[in-house]
Amino acid sequence: MMRVPILDNHVHLHPQGRNVEAARDFAKAGGTHLILSHLPYETVRVTEAEHFLESYEITLRLAESVRREVGIGVDVTVGPYPVLLIGLAEKHGLSHAVEIMKGGMESAKELVLQGKAVGIGEIGRPHFPVSEDVLAASNEIMGFGMSLAKEAGCAVVLHTESATPDSMLEIALMADRVGLPRYRVVKRYCPPLVTEMENSGLFPSVLASRTAIGEALSKGTRFMMETDYLDDLKRPGAVMAITTVPKRTKALLQSGALDEEKAHIIHSENPKKAYGIDIKY
Ligand SMILES: [Zn+2]
């Protein structure tokens with residue numbers, strides 16, 4: 001078999017988790033590139049905007065360790081995790097909380113401009129029902145993040161409630177309003193909404209289950225694959241194993257459901273389009 005690029009478009013690594021060892025498992029299974037997304041860490045409590053940078057730097061250091069010790073490609077996205085808004089609003093009131101979250105967006109954009117991150121994410125809105133005020137504030141913050149991404153020429157990675165063709169259109173229109181190209185909007189944890197009718201031009205990142213990827217491939221190749229690996233030692237079975245994307249990709253290549261050209265599109269051309277990055281393998 002020819003060497004193919006294999007990219008997991010959404011993983012988290014934790015300083016107290018398996019981090020480099022997990023990335024080594026990914027590489028051993030055939031994985032060549034990770035998009036590492038920031039999540040808040042227990043060690044840095046974000047109560048003011050300036051705490052975000054300190055927290056993002058942990059993610060950047062993890063990425064650097066993996067590059068150095070495992071030798072695979074790693075690109076990073078950083079941004080204020082949407083659910084943080086709720087705790088911040090309880091502590092500071094909603095309008096000040098919005099300002100803090102926007103400060104977190106500014107720090108993320110700064111790291112993109114410095115070439116340390118390739119996108120702002122995961123950002124968006126809580127995945128569970130929230131009050132109308134919190135939803136409106138979340139949308140305002142997400143729109144602000146999109147406008148900064150437009151200025152920086154980078155992608156956003158969105159965490160939202162479950163995606164539907166309607167919510168994809170709603171988000172596409174938000175991107176249009178600030179001039180961010182729709183292909184720079186990556187919807188993570190996305191069902192196989194692969195056709196333009198279903199995703200309105202946003203980039204779906206599909207959970208790498210057999211059924212979801214099978215359905216995605218039946219519709220085309222304009223999607224990426226992810227595990228949303230959490231690297232949480234307390235919840236080892238909570239999400240997919242970090243080896244899932246390489247294993248799935250290889251099995252599909254072996255069965256003929258995927259060929260090398262299509263694998264190339266999914267694992268290299270699509271991330272290149274969405275993030276503007278070169279995938280070496
Ligand atoms: Zn995530």
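Heavy atoms only: backbone and side chains are in, while hydrogens, waters and symmetry mates are out. Both counts, for ligands and for their atoms, begin at 1 and track the order of listing. None of these values were measured; they are calculated from a predicted model.
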Handout entry: Degrees at the Zn ion (ligand 1) between the OD1 atom of D228 and the OE2 atom of E122, nearest 10°
Key = 170°

Handout entry: Shortest-distance N/O/S atom, H10 versus the Zn ion (ligand 1)
Key = NE2

Practice task
Check H12 and report its N/O/S atom nearest to the Zn ion (ligand 1), by atom name.
Solution key: NE2

Exercise for the section: Answer yes when E106 and K109 have at least one side-chain N-carboxylate O distance shorter than 4.0 Å, and no when they do not. Expected result: no

Practice task
Could you tell me whether K219 and E215 have a side-chain N and a carboxylate O separated by less than 4.0 Å?
Solution key: yes

Problem - Six-ring centre of F203, R222 cation under 6.0 angstrom, axis tolerance 45° - result: yes

Handout entry: Check ion pair R61-E64 (N to O, under 4.0 angstrom)
Key = no

